[in-house]
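Taking it in order: structure first as structure tokens, then the write-up.
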Amino acid sequence: MTLRRKETLAAWLFLLPGFVGFAIFVFGAVVFSSVLSFFEWDMLTKPTFVGLRNFTKLFLADKTFHLVFRNTLWFVLGTVPTRVLLGLIFALILVRNVPGRTFFRAAIFLPVIIPTVAAAMVWRWIFNADFGLLNDFLYQIGVSNLPRWLSDPKWALVAIVILSVWKDVGFSTVMFMAGLQSIPTTVYEAAKLDGANAWKTFVHITLPLLSPTTFFVIVINVISSFQVFDQAYVLTGGGPGNATNTIVYYIYNNAFQWFRMGYAAAIAWVLFGIIFIATFVQFKYQRKWVYYE
Amino acid sequence: MRIKEKVLNWSLFCLMVIVAFIMLVPFFWMFSTSLKSLGEVFEYPPKWIPSQPRWENYARVWSVVPFGRYLLNSVIVSGSITLLHLLVASLSAFAFARLNFPGRDKLFLLYLATLMVPGQVTMIPNFILIKLLRLTDTYTGLILPNVFTAFGVFLLRQFFMTIPKDYEDAARIDGASRFYIYSRIILPLSVPALSTLAVFTFVFQWNNLLWPLVVVSKDSMKTITIGLASFQGMYGTTWNLLMAAAVMGILPSIVAFLIGQRFLIKGITLTGLKA
């Protein structure tokens, strides 16, 4: 055996355990899932081929899907900018020599690591319309028309956004802190020598040099927000009505509550398409605002 | 100038006190409610500190649901996924980073491409497969489909690439096998990357709700996340017991956080991984 073939053989031996698993649970699953999206199957009777009908139904007829799509979009538009903006503000404060900054960073980051299920359980109690902490606070500061957070279709999605911002703002914060700390101090010194004030320095130096981090934080947040499920599952069960039903929740219900496997697979592919387009668009427009050295 | 800066820092300090208060109040409220009697829970105005801490709430949760079992299941499932993922990913990453074979870069690109596919796409076929193999309600069914993600392969490959070739050349001249180089040279040098990957895989799997929800229906196989969710289903507004359960659900994460905070945050910024 030549040395080259020996190395190839060795490489495949190293790859084998992972490759077998990947072939089944990832590559195989992706192929299976795309085939499945052209079928109707309840896992009891034989699958029937329906062509593109799952997709045409999804796009043209299924009012619930349109609703869960809108809900998810509102969720993304509500959480991503808030998390990014607050994360940036917190990071700008915490990279300064503020007393107690280690403690503050820990406080902001703590919710990130706990299970969303547990976080949603407390917030369900805080949002309780009659005995909840939040409405008590609002009452104390003089709000008379207290929202019935989780049972009012107008407010339920807002509640989910609040919970999600609280839960994950710490992620954006530590990412921005790392980004800010990697900007060399010499750049700031040069700006000072040139007589730039704090605001000018921020707009013309900090923001452009931070833009790769900002871009990354936005992309990651958009991808994960489109996949929102846990919060809605525990906090509202998708309700009231379908007010907080999301795309992933709808996939879950279709596949595992109603056993419409083909239809659920079709929705999952549409979700992939949405995330892909959202990410692609951001990558395309990044050169307009992201500054790479 | 220095005084101006000091004033600014202290006003920012005051602002951060409010922020920290908002971030921590849910934790405090969770804990406080967990020690109240049901009567006290619904008292108005809300009491911050219960008049008499009722620790027996915790015992009650423990007696109505097999809470210890949920925790044990979570440890077994998250622990096994983490170990297997580390093993499989480091073996693959070694081949991608250190060995030459035809089609290597194309195959690596294929692995990378799967990172874009959301988990919901593969979840449905994987459920069908697990069901056909009669592996629902088993540890294997909970563990196996979660072992194979390209993220670890990618992270470790990038790290292995940074290790200078000289290290292994010396060993190779001495006649060391490739497996020896992998296990005795590359792995020990990669402890920072491996431990970061381990912590994140563990935390991520510990918090995983959707997959256990899909493959488990037996109470004795529930992990902590679906255990909490189903407990909430049974005790909808018994807030003191719900909060006691939630406290126990987050306690392992908090302990882990307090021990490895610096390390965790460093890891997050290193990898950009979201727990």
Side-chain angles (χ1 to χ4, degrees), chain A residues 7-8 10-11 14-15 17-18 21-22 25-26 29-30 32-33 36 90 93 96-100 104 106-118 121-123 125-126 131 133 136 171 174-175 178 216 220 224 227 229-230 234 248 251 255-256 261 264-265 268-269 271-272 275-276, chain B residues 9 12-13 15-16 19-20 23-24 26 29-30 33 42 45-46 88-89 91-92 94-95 99-102 111 114 116-118 120-122 124-126 128 145 147-148 153 178 203 206-207 209-210 214 224-225 228-229 232 239 242-243 246 249-250 253 257 261 264-265 268-269 272 274-275:
Chain A
E7 178 144 342
T8 304
F14 274 101
L15 283 173
F22 260 88
F25 295 108
V26 184
V30 166
F32 187 12
S33 167
L36 198 58
F90 294 162
I93 295 173
R96 299 175 60 89
N97 210 2
V98 175
F104 293 135
I108 292 169
F109 189 70
L110 189 58
V112 175
I113 53 141
I114 66 168
T116 309
V117 180
M121 283 170 79
V122 201
W123 279 92
W125 174 216
I126 292 173
F131 303 97
L133 212 50
D136 180 59
F171 170 78
V174 296
M175 292 304 294
F216 181 76
I220 295 277
S224 71
Q227 295 172 276
F229 169 76
D230 296 16
V234 178
V248 173
I251 295 173
F256 308 110
M261 291 307 186
W269 277 105
L271 174 64
F272 173 53
I275 293 176
F276 185 83
Chain B
N9 276 346
L12 290 174
F13 170 81
L15 182 71
M16 289 323 276
V19 171
M23 296 312 283
L24 295 178
W29 193 233
M30 182 196 278
T33 307
F42 294 113
V88 162
L91 283 168
S92 312
F94 180 77
L99 302 174
N100 272 314
F101 58 97
Y111 270 55
T114 65
M116 286 197 308
V117 182
Q120 293 82 20
V121 169
T122 49
I124 298 161
N126 284 343
I128 294 169
V147 172
F148 307 96
V153 180
R178 289 185 181 85
V203 172
W206 183 275
N207 296 349
L209 171 73
L210 195 47
V214 164
I224 187 73
T225 47
L228 282 175
Q232 176 177 277
W239 295 109
L242 284 179
M243 290 305 107
I250 64 167
S253 316
F257 176 68
Q261 195 212 133
L264 252 160
I265 289 176
I268 246 193
T269 46
K274 217 164 159 195

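Chain naming here is simple, since letters A, B, ... match the order of the sequence lines and numbering starts at 1 in each.
Proximity of a side-chain donor or acceptor of B:Asn207 to a complementary backbone N or O of A:Ile113 within less than 3.5 Å is detected. In this structure a side-chain-to-backbone donor-acceptor pair under 3.5 Å is missing from B:Gln120 to A:Ala268. In terms of modelled atom types and a separation under 3.5 Å, the side chain of B:Thr122 and the main chain of A:Ala29 share no donor-acceptor contact.
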A:Ile93 and B:Leu15: CA distance, side-chain angles, deciding distance, side-chain contact (heavy atoms from CB on, under 4.5 Å) verdict:
CA-CA 9 Å; A:Ile93 295 173; B:Leu15 182 71; 3.7 Å; yes

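Going from atom CD1 of B:Ile250 over to atom CG of A:Leu110 covers 7.0 Å, rounded to the nearest 0.5 Å. Taken to the nearest 0.5 Å, the CD1 atom of B:Ile124 stands 10.5 Å off from the CH2 atom of A:Trp269.
Closest heavy-atom contact between B:Phe13 and A:Pro99: CD1-O, 3.1 Å. The nearest pair of heavy atoms linking A:Ile108 to B:Met16 is CD1-CE, 3.6 Å.
Within the 4.5 Å cutoff, the side chain of B:Asn9 has heavy atoms near those of the A:Arg96 side chain. For the pair A:Pro115 and B:Leu209, the minimum side-chain heavy-atom distance is 4.5 Å or more.
Contact annotation for B:Val19: only side-chain heavy atoms (C-beta onward) come within less than 4.5 Å of a heavy atom of chain A.
Applying the ring-ring contact (aromatic ring centres under 6.0 Å, His included) rule to A:Phe22 yields the partners A:Phe27, B:Tyr111; only residues at least two apart in sequence or on another chain are considered. Looking at residues two or more places apart in sequence or on another chain, you find a ring-ring contact (aromatic ring centres under 6.0 Å, His included) between A:Phe131 and B:Phe42.
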